[in-house]
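See below for the structure under consideration.
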Amino acid sequence: MLARSRLRDKGLISATEYWRLASAYQFLRNLEHRLQFWEDRQTHTLPAQADQLARLARNMPPQPGVEPNAESLIARADESAAQVLEIYTRIV
């Protein structure tokens with residue numbers, strides 16, 4: 001969080017990019033915590049089975065207007081990663 005603030009304060013990222021990074025971070029941390037809770041170990045790998053992905057989606061914080069299912073979870077994970085990569089690529 002401090003790094004995001006410093007990047008914004010130095011004008012390296014816009015306020016919009018700051019909030020995109022913050023949102024992606026929060027989503028990915030929530031996802032990671034739920035994965036690790038279920039596995040009872042440190043892991044960063046999404047389950048391959050659609051039913052397990054759907055269960056994981058239902059256990060994530062709700063997103064207004066989005067049905068919690070495997071497809072929406074994968075789409076949000078991909079979108080979060082793409083946003084972070086886009087900003088990272090531009091800065092670094």
Side-chain angles (χ1 to χ4, degrees):
M1 289 182 234
L2 179 61
R4 280 193 317 264
S5 294
R6 294 239 170 112
L7 288 169
R8 184 185 59 195
D9 293 345
K10 296 197 179 292
L12 296 171
I13 61 172
S14 67
T16 300
E17 289 172 323
Y18 174 89
W19 291 111
R20 286 171 58 199
L21 288 174
S23 176
Y25 175 81
Q26 189 62 52
F27 169 77
L28 293 169
R29 289 297 290 172
N30 282 329
L31 184 59
E32 177 186 40
H33 289 155
R34 281 156 181 79
L35 284 170
Q36 291 177 0
F37 177 78
W38 287 354
E39 296 283 329
D40 196 26
R41 65 182 176 89
Q42 190 168 18
T43 183
H44 301 96
T45 305
L46 290 173
Q49 295 80 14
D51 62 327
Q52 290 179 348
L53 282 169
R55 186 179 105 187
L56 182 58
R58 288 189 302 272
N59 283 280
M60 292 291 288
Q63 202 178 2
V66 176
E67 181 69 28
N69 56 41
E71 294 80 21
S72 66
L73 179 67
I74 295 296
R76 183 136 187 238
D78 289 346
E79 177 185 337
S80 293
Q83 288 183 4
V84 171
L85 180 61
E86 175 190 324
I87 295 167
Y88 176 83
T89 301
R90 186 182 59 77
I91 293 171
V92 179

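None of these values were measured; they are calculated from a predicted model.
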What side-chain donor-acceptor pairs closer than 3.5 Å can you find for residues 73-82, not counting sequence neighbours?
from	atom 1	to	atom 2	distance (Å)
Glu79	OE2	Gln83	NE2	3.3
Ser80	OG	Arg76	O	3.0

Side-chain donor-acceptor pairs under 3.5 Å in residues 1-16, sequence neighbours left out?
from	atom 1	to	atom 2	distance (Å)
Ser5	OG	Met1	O	3.3
Ser14	OG	Thr16	N	3.4
Ser14	OG	Glu17	N	3.1

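Counting heavy atoms from C-beta on, the side chains of Leu21 and Tyr25 never come closer than 4.5 Å.
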**Q.** Candidate pair Leu46 and Leu53, rule side-chain contact (heavy atoms from CB on, under 4.5 Å), full reasoning
**A.** CA-CA 7 Å; Leu46 290 173; Leu53 282 169; 4.2 Å; yes

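Annotation: salt bridge (Lys or Arg N to Asp or Glu O under 4.0 Å) contacts involving residues 19-35, sequence neighbours excluded, comprise Arg20-Glu86, Arg29-Glu32. Screening residues 54-66 for side chain to side chain donor-acceptor pair (under 3.5 Å) gives no qualifying pairs among residues at least two apart or on separate chains.
Qualifying side chain to side chain contact (heavy atoms under 4.5 Å, CB included) partners for Glu67, counting only residues two or more places apart in sequence or in other chains: Asn69. Legend: residues meeting side chain to side chain donor-acceptor pair (under 3.5 Å) with Glu71, ordered by chain and number and at least two apart, are absent. Taking Pro62 as the reference, nothing meets the side chain to side chain contact (heavy atoms under 4.5 Å, CB included) condition, with sequence neighbours excluded.
To the nearest 0.5 Å, the span separating CG on Leu85 from CZ on Arg90 amounts to 12.5 Å. For the atom pair Gln52 CD and Leu56 CG, the distance stands at 9.5 Å (nearest 0.5 Å).
Taking each heavy atom of Pro68 and Ala57 in turn, the nearest pair found is CB-O, 3.6 Å.
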